[in-house]
Amino acid sequence: MPHTMSRMGDVLAGFHAAWEFESDSVLIRYERGIRTPKLFQALGERRVPLEAIAGVTLTRGKRGTVVLRVEPRPGADPLMEAAAGQLKDSGDPYRLVLPAEREVLAEYYADELRSLLTESGPAERFLVEPPKGPLSFKAYDGKASFDGRTVNFRWFWTGASSAKWKAGDQSFSVGELNGVEWRSPEVFEGHLRLLRRDGSGTGAGAAAQADQDPAAVVFGLGYGPVHESLPFAAAVLAAVRASSPVAAVSAAGPRRDPADIAERIRHLGELHQAGLVTDEEFSVKKAELLAEL
């Protein structure tokens with residue numbers, strides 16, 4: 001009898017993770033250890049239903065490795081929706097890196113998995129469970145917490161702007177939110193912004209700057225790291241979607257005013273000239289800002 005993945009329990013182990021193939025899903029278990037990306041450790045394990053997968057790829061990796069990756073359907077995973085394409089390859093939870101000598105085996109599993117896929121295009125609802133935690137983290141200017149129903153921001157006197165102190169500590173029920181905007185702390189100006197249904201705090205006027213927006217917390221060196229802030233953002237996003245499935249949920253955020261973009265690029269140029277931003281960081285961030293026009 002030919003071997004197929006319909007037989008539960010097939011496991012393919014790689015660096016930092018092992019994939020267990022089941023009849024209706026792929027269970028990804030992430031290793032713990034100092035070499036494992038912290039995001040993977042925070043996620044622990046994830047069950048990805050086959051209906052959440054759009055495709056499978058197998059490519060050559062670095063230093064004698066191959067990379068097996070499943071491509072989630074748009075809208076299927078709150079974590080990837082919140083990330084909005086900002087994760088580095090090394091932090092992509094859908095990549096399994098294996099020694100090159102296991103390429104034939106990886107190709108076999110890739111072909112088997114492809115044969116089971118029946119769905120494509122955007123998903124109408126989240127199909128992958130949101131992260132269970134952490135539900136709190138320290139940003140540069142405040143502490144963010146989420147109990148499943150309400151997001152709270154408590155400002156730090158050492159980092160919060162005068163605008164945030166004037167507004168006071170903030171609480172937002174998921175029912176008043178339209179989504180989240182997460183900007184990776186690994187790039188210039190990282191933050192987590194809550195997008196409200198009434199349109200306030202969504203980048204209009206002075207609120208375009210996260211450090212002045214009471215609906216946002218700002219990241220910094222050691223504050224709001226990916227493995228804490230991204231699962232948090234994904235959990236909030238999933239709760240917002242569950243509270244109103246028909247509401248538009250945007251993880252990418254609104255487009256900024258051209259004048260604000262120009263001002264940000266000017267400021268970025270000053271940091272670059274002062275030697276506080278490298279040539280590569282300057283080029284990458286400038287491209288990101290221009291893409292928001």
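Quick caveat: nothing in here was measured; it's all calculated off a predicted structure. Because only heavy atoms are used, hydrogens play no part in the values below, and waters and symmetry mates are left out as well, while side chains stay in.
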Between Arg46 and Leu79, is the side-chain contact (heavy atoms from CB on, under 4.5 Å) condition met? List the steps. CA-CA 11 Å; Arg46 311 193 80 206; Leu79 186 83; 3.8 Å; yes
Which is it for Glu119 and Leu50 under the side-chain contact (heavy atoms from CB on, under 4.5 Å) test, yes or no, and what are the steps along the way? CA-CA 8 Å; Glu119 303 292 337; Leu50 296 184; over 6 Å; no
Please step through side-chain contact (heavy atoms from CB on, under 4.5 Å) for the pair Leu58 and Val66, ending with a clear verdict. CA-CA 7 Å; Leu58 180 64; Val66 293; 4.3 Å; yes
Please step through side-chain contact (heavy atoms from CB on, under 4.5 Å) for the pair Leu105 and Leu12, ending with a clear verdict. CA-CA 9 Å; Leu105 183 61; Leu12 183 60; 3.7 Å; yes
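Using a 4.5 Å heavy-atom cutoff, the side chains of Val180 and Leu194 are in contact. Val174 is listed as a side-chain neighbour of Phe146, based on a closest heavy-atom distance under 4.5 Å. Annotation: side chain of Leu177 is not in contact with side chain of Ser243 (no heavy-atom distance under 4.5 Å). Taking the side chain as every heavy atom from C-beta outward, Trp165 and Trp157 approach each other to under 4.5 Å.
Listed for the Trp155 side chain is no donor-acceptor partner under 3.5 Å among the backbone atoms of Asp141. Judged by distance alone, the side chain of Arg95 and the main-chain N or O of Val67 form no donor-acceptor pair under 3.5 Å. Using modelled atom types, one side-chain atom of Arg114 and one backbone atom of Val56 make a donor-acceptor pair closer than 3.5 Å. When atom types are taken as modelled, the side chain of Arg197 and the backbone of Gly175 share a donor-acceptor pair closer than 3.5 angstrom. Side-chain N or O atoms of Glu228 include none that pairs as donor or acceptor with a backbone N or O of Phe137 at under 3.5 Å. Although no hydrogens or angles enter the test, the distance criterion places a donor-acceptor pair under 3.5 Å between the side chain of Arg73 and the main chain of Pro122. A donor-acceptor pair under 3.5 Å is formed between the side chain of Glu176 and the backbone N or O of Ser173. Here the side chain of Ser25 pairs no donor or acceptor atom with the backbone of Arg47 at under 3.5 angstrom.
The residues Glu81 and Arg241 are annotated as not salt-bridged, no charged nitrogen and carboxylate oxygen being separated by less than 4.0 angstrom.
Across all their heavy atoms, Arg125 and Glu51 have their closest contact at NH2-OE2, 4.2 Å. Of all heavy-atom pairs spanning Leu230 and Ala82, the tightest one is CD1-CB, 3.9 Å. Of all heavy-atom pairs between Pro78 and Val128, the closest is CD-O, 3.4 Å. Residues Gly224 and Pro185 share a closest heavy-atom pair of O-CG, 3.1 Å. Residues Ser161 and Gln212 come closest through the heavy atom pair CB-NE2, 3.7 Å. Val226 approaches Pro231 most closely through the heavy-atom pair O-CD, 3.3 Å.
One distance of note links CD1 of Ile53 with OH of Tyr94; it measures 7.5 Å at 0.5 Å rounding. The distance from the CG atom of Asp147 to the OG atom of Ser136 is 11.0 Å, given to the nearest 0.5 Å. Summarising the geometry, atom CG belonging to Asp111 is positioned 11.0 Å from atom CG belonging to Leu116; distances are rounded to the nearest 0.5 Å. Here NZ of Lys164 is found 14.0 Å from CZ of Arg154. Values are rounded to the nearest 0.5 Å. Here the CG-OG1 distance, from Leu96 to Thr65, works out to 10.5 Å after rounding to the nearest 0.5 Å. One distance of note links CG of Asp213 with NE2 of His191; it measures 8.5 Å at 0.5 Å rounding.
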Show me the side-chain donor-acceptor pairs of residues 37-45 shorter than 3.5 Å, one per line, residues at least two apart or across chains.
residue : atom : partner : partner atom : Å
Gln41   : NE2  : Gly33   : O            : 2.8
Gln41   : NE2  : Thr36   : O            : 2.9
Glu45   : OE1  : Arg29   : NE           : 3.4

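Connection of Val236 to Leu127 is not established within any shared hydrophobic cluster, with ILVMFWY side chains joined at heavy-atom distances below 4.5 Å, either directly or through further cluster members. Cluster membership check: Leu27 does not share its hydrophobic cluster with Val97, using side-chain heavy-atom separations under 4.5 Å among Ile, Leu, Val, Met, Phe, Trp and Tyr. Criterion: ILVMFWY side-chain heavy atoms under 4.5 Å apart, direct or through other members. Under it, Leu68 and Phe15 are not part of a common hydrophobic cluster. Residues Tyr223 and Phe153 do not share a hydrophobic cluster, clusters being chains of Ile/Leu/Val/Met/Phe/Trp/Tyr side chains in contact below 4.5 Å. If you chain together hydrophobic residues whose side chains sit under 4.5 Å apart, Val217 and Leu135 fall into the same group.
Using the six-membered ring where Trp is involved, Trp182 and Phe219 have ring planes that are tilted, between 30° and 60° apart. The aromatic rings of Phe21 and Trp19 sit perpendicular to each other, their planes meeting at more than 60°, with 30° as the lower class boundary.
Residues in residues 97-106 take part in these salt bridge (charged side-chain N to carboxylate O under 4.0 Å, His left out) pairs, two or more places apart or across chains: Arg60-Glu103.
Heavy atoms of other residues, nucleotides or ligands lying less than 6.0 angstrom from CZ of Phe172 number more than 12.
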